[in-house]
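Encoded as structure tokens, the structure appears first; notes follow it.
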Amino acid sequence: MKKFLIVLSIVFICGIITADIFTGHLLNTEIILSMDILKKYAYSELFFNDVIWNLTYERLKQYICILLCGITPLRNYVSIILVGILLFCFGFFTMSCILAIGFVGVLIGIASIIPHGVLYFISYHLMSQQRRVYSYQQTGKIPQKIITYILAIMFFVTGCVIECVIGVHFIPWLIRLSLI
């Protein structure tokens, strides 16, 4: 477990270093978090209904791809790789936000992944741990599987709603706060 945490820490730090190297050169362009893009995002009119359907559609596509990888014999490795990718992206995005708008970037980075990212991962983990049950082993397994699927769907939908609320209200508010 200690080796796993050390590797994840190194992956996170690599994301930070990558952002520090590349974002410094790309910050004034329209590619990564320029002030112009942040101002447009902070002062735009985002509607919850429009964002929730688009967000759910986009997350559902990613979720289905992850679940398809999760039914392969390599499902345990898919979870480990997913955590590594998420930590690298989290480090990269948080450092990019810090370079663009300062200390408030830490809050934006944390808000971009913590509440809903955890729910998405729990949902994926519940679904990926469902193993094929043979007919002679099905006694009492069907209600357990149904409850697991319902919980996974509830975690996924709750994650979408929380991400939409954070993206529509909280993150633009933080950006406006940092621009004052």
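Only this structure's heavy atoms are used, side chains among them; waters, hydrogens and symmetry mates stay out. If you read the sequence from its start, that first residue is 1, and numbering goes on from there.
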Practice prompt. State, with a plain yes or no, whether a side-chain heavy atom of Phe48 is found less than 4.5 Å away from one of Val165.
Written response: yes
Discussion item. For the CD atom of Glu163 and the OG1 atom of Thr56, what is their distance to the nearest 0.5 Å?
Written reply: 9.0 Å
Discussion item. Check for me, please, whether Leu177 and Tyr41 land in the same ILVMFWY cluster - side-chain distances under 4.5 Å, paths through other members count.
Written reply: yes
Discussion item. Are Ile175 and Trp173 connected into the same hydrophobic cluster when the rule is that any two of I, L, V, M, F, W, Y join if their side-chain heavy atoms are below 4.5 Å apart?
Written reply: yes
Worksheet item: Is Phe47 reachable from Val161 through a run of hydrophobic residues whose side-chain heavy atoms are each under 4.5 Å from the next?
Response: no
Worksheet item: Shortest non-hydrogen contact from Thr94 to Gly109?
Response: OG1-CA, 3.5 Å
Worksheet item: Linking I/L/V/M/F/W/Y whenever any side-chain heavy atoms sit under 4.5 Å apart, do Tyr149 and Leu60 land together?
Response: yes
Worksheet item: Roughly how far apart are Met154 CE and Leu126 CG, rounded to 0.5 Å?
Response: 11.0 Å
Worksheet item: Got a second to check how far Leu82's CG is from Gln62's CD, nearest 0.5 Å?
Response: 10.0 Å
Worksheet entry | Shortest non-hydrogen contact between Pro115 and Ile162, atoms and distance | CB-CG2, 3.8 Å
Practice prompt. Check each of Thr148, Ile153, Ile147 against Leu151 using the side-chain contact (heavy atoms from CB on, under 4.5 Å) test, and report the only one that passes.
Written response: Ile147
Item to complete: Report, as yes or no, whether the 6.0 Å neighbourhood of atom NZ on Lys61 holds more than 12 heavy atoms from other residues, nucleotides or ligands.
Response: yes
Item to complete: Please report the closest heavy-atom contact between Ile108 and Ile171, naming both atoms and the distance.
Response: CG2-CG2, 4.1 Å
Discussion item. Can you tell me how far apart CZ (Phe103) and CD1 (Ile98) are? Round to the nearest 0.5 Å.
Written reply: 8.0 Å
Worksheet item: Which heavy-atom pair separates Arg59 from Cys160 by the least distance, and what is that distance?
Response: CB-SG, 4.3 Å
Fill in: Which atom of Pro172 lies closest to which atom of Gly167, heavy atoms considered
CD-O, 3.3 Å
Worksheet item: How far does CZ of Phe92 sit from OG1 of Thr18, to the nearest 0.5 angstrom?
Response: 7.0 Å
Worksheet item: Is the backbone of Leu119 close enough, under 3.5 Å, to the side chain of Ser123 for a donor and an acceptor to pair up by distance?
Response: no
Discussion item. For Phe88 and Phe12: C-alpha separation, side-chain torsions, deciding distance, then whether ring-ring contact (aromatic ring centres under 6.0 Å, His included) applies.
Written reply: CA-CA 5 Å; Phe88 181 84; Phe12 177 71; 9.7 Å; no
Discussion item. Would you say Phe121 ends up clustered with Ile110 if hydrophobic residues are merged whenever their side chains have heavy atoms under 4.5 Å apart, either directly or through other cluster members?
Written reply: yes
Worksheet item: If you measure from CG on Leu87 to CD1 on Ile10, what distance do you get to the nearest 0.5 Å?
Response: 12.0 Å
Worksheet item: Hey, is CZ on Phe4 packed in by over 12 heavy atoms from elsewhere, all under 6.0 Å?
Response: yes
Worksheet item: For Ala19 and Leu99, which heavy atoms make the closest approach, and how far apart are they?
Response: O-CD1, 4.0 Å
Fill in: Parallel, tilted or perpendicular, as decided by the 30° and 60° cut-offs, for the rings of His116 and Tyr120
perpendicular
